[in-house]
Each structure stands twice: as C-alpha cells, then as structure tokens.
Amino acid sequence: MKKIFNFEIANILYEMSELYEMENVQFKPRAYRRAAESIEALNENVSDIYSKGGIKALLEISGVGEAIAEHIELLIKTGTFSEYEKFKKKIPVKWDELTSVQGVGPKTIKVLYKKLNVKNLKDLERAAKQGKIKKLKNFGEKTEENILRSINFLSKSKGRFLLGDILPVVLSIEEALKKIPGVSQVTTAGSIRRQQETIGDIDILVTAKNPRKVMDIFVALPEVDTVFGKGKTKTNVILKNGINADIRVLDPESYGSALQYFTGDKNHNIKLRIIAEKKGYKLNEYGLSKGEKKVAGKTEEEIYKKLGMEYIEPELRTDSGEIEASIAGKLPKLISYNSILGDLQMHTKWSDGTSSIKEMALLAKKNGLKYIAITDHTKNLGIASGLDEKELVRHGKEIDKLNKEIKNFRILKSAEINVLKNGGLDIADSALKKLDIVSIAVHSNFKMGKKEMTARVIKAMQNPYVNILFHPTGRVIKQRPSYEIDMDEIIKTAKKYGVALEIDSFSDRLDLNDLNIKKAVDAGVKLVIDTDAHSPSHLSFLNFGVAQARRGWAKKSDILNTLPVDKFLKAIKGLKNKQ
DNA sequence: GCCGTTTTCGGCCCGACTGTTTTCAGTCG
C-alpha cells in the first residue's frame with residue numbers, strides 16, 4: 001500500500017467536483033468539494049484514520065458519506081477508483097493547471113479540449129497565442145486576451161503569499177485610499193483580517209460618496225499592474241507583486257455586513273447564514289433582514305448580537321468551533337496585540353545576525369519592549385558560526401556590560417542551543433546553568449522518522465535546565481514542511497517537564513501553528529511569542545506571532561512574556577517546580 | 001452525494017462581473 005497524503009485525496013475529490021460540474025450534474029460538485037475541503041483541514045492522516053477505524057471512521061469526517069468513503073478506501077488501497085478513472089479517460093487534461101487560470105472553469109475546459117485538444121497550460125497558451133480561442137463560438141477577443149494575461153500572471157506569482165510580505169503593500173494602499181475625499185472607511189477584510197499565515201488575495205472594503213472616483217484612483221495606484229474588471233461597486237486588479245486585489249465600495253448601512261461577509265472564511269459564513277435562516281432571517285453582504293425589513297448591517301457587532309451570538313474576533317472565523325463557543329458564550333478573551341513585553345529569540349553578529357547586541361537592544365527598547373533575550377546559535381551550527389561554552393561566557397559579559405549601560409531595560413543571557421541527533425545538547429550543563437533562559441531547537445537531521453524525532457526532542461526537553469523549545473515543528477512556510485514529530489507527545493512532555501513552547505513570529509515560520517497552539521492551550525502548556533529576529537527590521541514581526549496565538553485561541557495568561565521581566569523569570573522557572 | 005432543532009426525503013449560499021450575448025451562462029469569491 002502506497003502512502004497517500006491528505007492533500008492528494010483532497011485534490012482528487014476537487015477534481016471529481018470539477019468533472020461533475022463540467023457534466024452539469026447537480027449538487028454532486030458541491031458534495032465533493034465539501035469533502036475535499038474538510039479533508040484538507042484535517043489534522044490527522046486520512047490513511048491513519050482508515051487503518052485505525054475503517055470505513056466507519058471515514059464516515060465521521062464531515063462531508064464524507066458512504067459513496068465518498070468508499071472512494072477514499074479505494075484511493076488508500078489502490079490509488080484510484082473507477083469513476084475517477086472513467087472521467088480521466090473521457091477528459092484527459094491537467095485539471096489543476098487549467099483551473100488555475102482566471103476565468104477558466106470546467107465548462108470552458110470541456111470546450112477547449114473537445115474543439116482544440118487543449119490538455120494543459122502549455123496547450124492553452126499556444127492555442128491562445130495562435131488566435132484559435134477567439135474563433136470558437138461563445139468565445140471572443142477579450143476571453144483570449146484574459147487567458148493570456150492570466151497565464152502570464154501565473155508564471156509570475158505561483159499561488160499564495162506570506163502575510164508578512166503582503167501586509168506592507170496593503171497598508172500603503174489603504175493609506176492612499178483614505179486620502180480620497182468622500183471616503184470614510186477603509187478596511188481590508190478576508191484572510192488578511194483573519195491574519196492567516198498565507199494570503200490568496202486582497203479584499204478591500206470602502207465606504208465612499210463617489211464610488212467611480214475611488215475606482216479610478218485605485219486602478220491608477222502605483223502598486224497596480226493589470227486591471228481585470230472595473231465596475232461601480234467592484235473592481236479587480238493584479239498588483240505588481242502578483243497578488244490579486246479586489247476593492248468594493250459600499251453603502252455605510254451595509255458596511256458591517258459586508259465586513260462580516262468578506263472576513264469570515266467560507267465555512268464560517270455558510271454556517272452563519274444557516275443560523276440566520278433558522279431564526280427567520282436572511283443574511284448576505286448587504287445586511288441581516290427579516291422579510292423586506294433590514295434589521296442589522298451597519299456593524300458586525302449588531303449582526304452577531306441579533307443572531308444571539310457573542311462577537312467573534314476575525315482571527316477565529318474559520319468554523320473551527322468558534323460559532324458553537326460564541327452561541328454558548330464561551331469564547332476566550334484573546335491576547336491583545338502589542339501586549340508582549342519581552343522578545344525571547346534574537347540573533348546578533350555573534351552568530352548569524354546582522355547587528356550588535358546593543359543595536360538590537362536599543363531598537364527593542366524604542367519599540368516599547370521591556371526586555372529581550374539574546375539567543376545566538378551554539379557551536380554545532382557551524383553555518384551560523386555558533387558559539388561554544390567559552391564564547392558564551394564572553395557573550396554574557398558583553399550583556400552584563402550593556403545591562404549597566406541601558407537603563408529601564410533588561411537583556412537576558414540566553415542561546416539557541418542545538419538538539420543533537422541523540423537528544424543531547426551541544427552545550428554542557430555547566431554552561432547552561434549560567435544562562436538566564438535556556439532555549440533549544442532542532443537544526444539538523446530533519447529527515448528522521450516520527451518516533452525517533454519525537455524521542456530525540458523529548459529527551460532534550462527533559463534536561464533540567466531547558467526552559468523553551470523553539471519552533472517546535474521546524475516548518476518553513478512555502479519552503480519545507482514540518483519534520484515528522486508527534487506534537488501531542490511534545491505537548492505532554494512540555495507540561496510534565498515544565499518547558500514552554502515557542503510561537504516563532506518570523507513571517508515564514510509561524511511555528512507553532514494555530515492548531516498546535518490550541519492544543520497546547522487546552523493542555524495548560526505555557527507559550528512564549530518572539531520574533532527570531534536576525535536583523536533590526538525583523539523586530540516588526542512580533543504581532544504576527546500574536547495573531548497566530550489569537551488564531552490558536554490563546555489568552556494573555558497563556559503567554560508568559562506578557563509578564564514583566566521578574567515575574568516572567570519566576571513564572572518560567574516555576575514551571576519546573578510543578579513537576 | 002450529503003445531511004437532519006427545516007425533513008431518513010428533499011433540499012442544497014448567493015450576488016457581482018464579464019463577455020458574448022440580445023437575455024444569459026460561466027466564473028469567482
């Protein structure tokens with residue numbers, strides 16, 4: 001049996017959905033899409049679920065019924081199933097490639113394949129360039145142009161973007177829009193407001209007296225590359241960095257409902273509309289109404305209130321329990337932005353950072369922090385010129401000196417100590433003892449099996465001097481997946497041995513992720529949020545970590561470095577005594 | 001094909017925009 005990943009199963013189900021759509025079959029497309037979405041969102045491997053509980057366990061997955069469960073069983077056992085094979089024979093095209101082109105959907109693919117034998121992106125580009133598409137019935141000049149433009153865009157962008165890369169651009173666009181006379185409100189909704197790790201596109205909402213003017217100015221902004229559509233209320237463009245951006249101009253009376261509509265992810269919104277319907281309302285982007293009468297819409301708060309719910313923070317709106325908690329009045333009070341007092345991971349010229357300890361400290365102080373820990377790498381990370389025991393002593397002396405020099409601020413002696421292959425550390429206990437905070441991380445032998453890796457990290461966490469486990473899963477977004485590690489076991493160990501887990505705010509790490517944060521919070525494990533800064537500009541990442549914590553339902557009390565330095569040190573050392 | 005404080009049968013989110021059309025299908029979010 002070949003191991004099949006969740007995303008592979010999901011992709012095949014998505015494909016089935018498109019295929020049924022192409023055939024004009026009713027409702028099946030949505031059923032398959034839903035099943036695909038919930039499998040994509042699963043934490044556990046579908047193959048594991050199946051091997052543990054068989055078909056019965058598969059039926060527990062929401063959106064998976066008897067038919068799809070059987071398909072999945074066959075996918076796990078044989079890698080395919082007969083309906084899928086039948087479809088593939090009928091239309092042997094690269095679905096993922098072709099559907100990634102803006103404006104090309106199942107119906108279009110069918111026509112292009114039947115008439116022009118278009119099977120993949122290359123065929124599509126060739127057909128468009130040769131002017132064959134515009135000659136087809138129901139196609140025209142514009143369609144062909146748009147296809148070419150979209151292919152061109154695809155080669156530039158390749159999918160999703162890091163929040164950290166997109167946010168500065170968004171802020172600059174928002175600034176420009178706010179300056180337009182007659183514009184009252186500007187908010188970017190969607191995955192940016194939810195502070196997702198990666199962003200698919202940008203949704204900007206504006207209220208304004210003169211929508212046309214807003215649209216004219218928007219499309220002329222320097223950030224804009226190509227205009228795909230421009231209407232009175234909605235305009236769609238591609239920005240120069242390759243991301244898609246929509247802007248909508250709204251009536252102030254509908255601002256809240258639009259904000260709600262465009263902020264919640266699809267599943268959150270669908271569930272909310274169902275709740276509205278059950279209560280006799282209709283909910284859409286223009287408001288909440290009963291019959292002809294609008295009863296709410298100006299603010300999001302009034303919509304949730306009318307539906308008998310607590311207000312739900314944007315970061316939680318992903319249908320992962322927040323709706324039920326809101327109805328029950330059991331939403332947590334999330335940690336707020338700018339509530340971190342000390343940054344606990346920071347690199348300097350001593351290892352692989354760009355700046356001195358002093359420069360980092362002064363900037364952190366200027367940013368409003370009260371303390372930092374300098375965590376240069378240790379000796380086994382040769383590539384980052386890691387420090388050995390002797391250098392750590394000199395490192396500490398430099399910090400002592402700066403602590404006398406910089407007032408109302410504290411620099412903690414620390415290090416990012418390597419977890420060796422056998423679970424040992426690359427710095428002797430006698431040197432660890434002298435540090436204020438001991439943090440450990442895996443930087444080598446990423447390809448170990450899950451059991452081995454988990455045991456390795458657990459052994460390191462059992463060292464009596466260890467306070468924090470840095471970036472516990474090791475993933476780098478869009479670059480490399482997490483190493484194989486059993487986070488449930490790591491969380492148990494963290495609790496048992498009094499180790500805090502890090503939420504690394506670096507924009508391509510964000511490690512722990514939201515799901516693991518929630519697990520840790522539920523288990524009563526304490527967390528810290530820090531930047532992993534290697535240069536001064538990285539200090540601005542701190543709130544990405546807070547956003548991640550919020551998405552993981554963390555409260556202020558779950559995050560130790562919201563405490564002043566003395567209380568923080570007491571609390572983190574105190575974890576050890578509770579064993 | 002899935003699902004149930006709308007129902008084990010009969011419903012499934014829905015509105016904007018585009019392009020190619022003379023009234024709408026397809027796509028998207």
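Residue numbers begin at 1 in each chain, while the letters A, B, ... track the order of the sequences.
Near DNA chain B, defined here as any heavy-atom distance below 4.0 Å, there are no residues from residues 297-311 of chain A.
Applying salt bridge (Lys or Arg N to Asp or Glu O under 4.0 Å) to A:Glu300 and the options A:Arg317, A:Lys306, A:Lys305 leaves one that passes, A:Arg317. Each of A:Thr263, A:Thr187, A:Ile199 was compared with A:Ile192 under the side-chain contact (heavy atoms from CB on, under 4.5 Å) criterion, and only A:Ile199 meets it.
A salt bridge between A:Arg194 and A:Glu315 is absent, with no side-chain N of the basic residue lying under 4.0 Å from a carboxylate O of the acidic one.
Distance check on atom P: B:dT22 versus B:dC28 gives 23 Å, rounded to whole Å. Distance noted for atom C1' between B:dG29 and B:dC13: 12 Å (whole Å). B:dT21 and B:dG26 have their P atoms separated by 13 Å, given to the nearest Å. Taking atom P on both B:dT18 and B:dG11, the two are 35 Å apart, rounded to the nearest angstrom. Comparing B:dT8 with B:dC2, their C1' atoms are spaced 12 Å from each other, to the whole Å. Annotation: B:dC12 and B:dT7 have their P atoms spaced 14 Å apart (nearest Å). Separating the P atom of B:dT20 from that of B:dG15 is a span of 26 Å, rounded to the nearest Å.
For B:dC3, the OP1/OP2 oxygens have no side-chain nitrogen or oxygen of A:Ser62 closer than 4.0 Å. Contact annotation: A:Arg30 side-chain N/O to B:dC3 OP1/OP2 distance is not under 4.0 Å. Between A:Tyr20 and B:dC2 there is no side-chain polar atom (N or O) within less than 4.0 angstrom of OP1 or OP2. Here A:Lys137 does not reach the OP1 or OP2 of B:dG19: none of its side-chain N or O atoms lies under 4.0 Å away.
A:Asn269 comes within 4.0 angstrom of no nucleic acid atom, judged by non-hydrogen atoms across all strands. Residue A:Val25 is classed as having no contact, given no heavy-atom separation below 4.0 Å to the nucleic acid. As judged by a 4.0 angstrom heavy-atom cut-off over every strand, A:Glu66 is placed among residues touching the sugar-phosphate backbone only. A:Lys282 comes within 4.0 angstrom of sugar-phosphate atoms only, judged by non-hydrogen atoms across all strands, and of no base.
Taking atom CD1 on A:Ile61 and atom P on B:dC2, their separation rounds to 12 Å, with Å as the unit. The distance between atom NZ of A:Lys232 and atom P of B:dC17, rounded to the nearest whole Å, is 9 Å. Summarising the geometry, the separation between NE2 on A:His71 and P on B:dG1 is reported as 6 Å, rounded to the nearest angstrom. Remark: C1' of B:dA16 and CE of A:Met215 are 11 Å apart, rounded to the nearest angstrom. For A:Ile68 and B:dC2, the CD1 to C1' distance is 8 Å, given to the nearest whole Å. Atom-to-atom, CG of A:Leu58 to P of B:dG1 comes out at 16 Å; the value is rounded to the nearest Å. One interatomic measurement links the two molecules: CZ of A:Arg273 to C1' of B:dT6, which rounds to 17 Å at whole-angstrom precision. Look at CD on A:Gln26: it is 21 Å from P on B:dC9, rounded to the nearest Å.
If you check B:dG15, B:dC2, B:dT20 against the side chain of A:Ala31, the one that comes closest is B:dC2. In this structure, the nucleotide among B:dC13, B:dG1, B:dC17 sitting nearest to the side chain of A:Thr233 is B:dC17.
The side-chain heavy atoms of A:Glu322 and A:Asp319, taken from C-beta on, include a pair separated by under 4.5 Å. Taking the side chain as every heavy atom from C-beta outward, A:Phe544 and A:Leu167 approach each other to under 4.5 Å. Residues A:Leu512 and A:Met487 are in side-chain contact: their nearest non-hydrogen atoms beyond the backbone lie under 4.5 Å apart.
If A:Glu141 and A:Glu277 are placed on DNA chain B by their nearest nucleotide, the residue sitting closer to the 5' end is A:Glu277. Comparing A:Gly63 and A:Lys142 by the nucleotide of DNA chain B that holds the closest heavy atom to each, the one mapping nearer the 5' end is A:Gly63.
Taking the centre and axis of the six-membered ring of A:Tyr281, the NZ or CZ atom of A:Lys290 falls inside the cone set by 45° and 6.0 Å.
Side chain to side chain, A:Gln260 and A:Asn269 meet the donor-acceptor criterion of an N or O pair below 3.5 Å. No side-chain donor from either of A:Glu18 and A:Thr99 sits under 3.5 Å from a side-chain acceptor of the other.
Across all strands shown, nothing is found opposite B:dT8 as a Watson-Crick or G-U wobble partner with both distances under 3.5 Å.
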Item to check | Test log, rule side-chain contact (heavy atoms from CB on, under 4.5 Å), inputs A:Asp511 and A:Gln548 | outcome: CA-CA 9 Å; A:Asp511 183 5; A:Gln548 191 83 344; over 6 Å; no
Next on the checklist: As a quick check of understanding, evaluate side-chain contact (heavy atoms from CB on, under 4.5 Å) for A:Val93 and A:Val118, giving each step before the final call.
Outcome noted: CA-CA 8 Å; A:Val93 303; A:Val118 166; over 6 Å; no
Item to check | nucleotides 23-29 of chain B: protein proximity per nucleotide (B base, S sugar-phosphate only, - neither; heavy atom, under 4.0 Å) | outcome: ---SSSB
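By the 5.5 angstrom centroid cut-off and the 30-degree plane limit, A:Phe27 is classified as stacked against the base of B:dC12.
You'll find the ring centres of A:Tyr20 and A:Phe27 outside the 6.0 Å limit.
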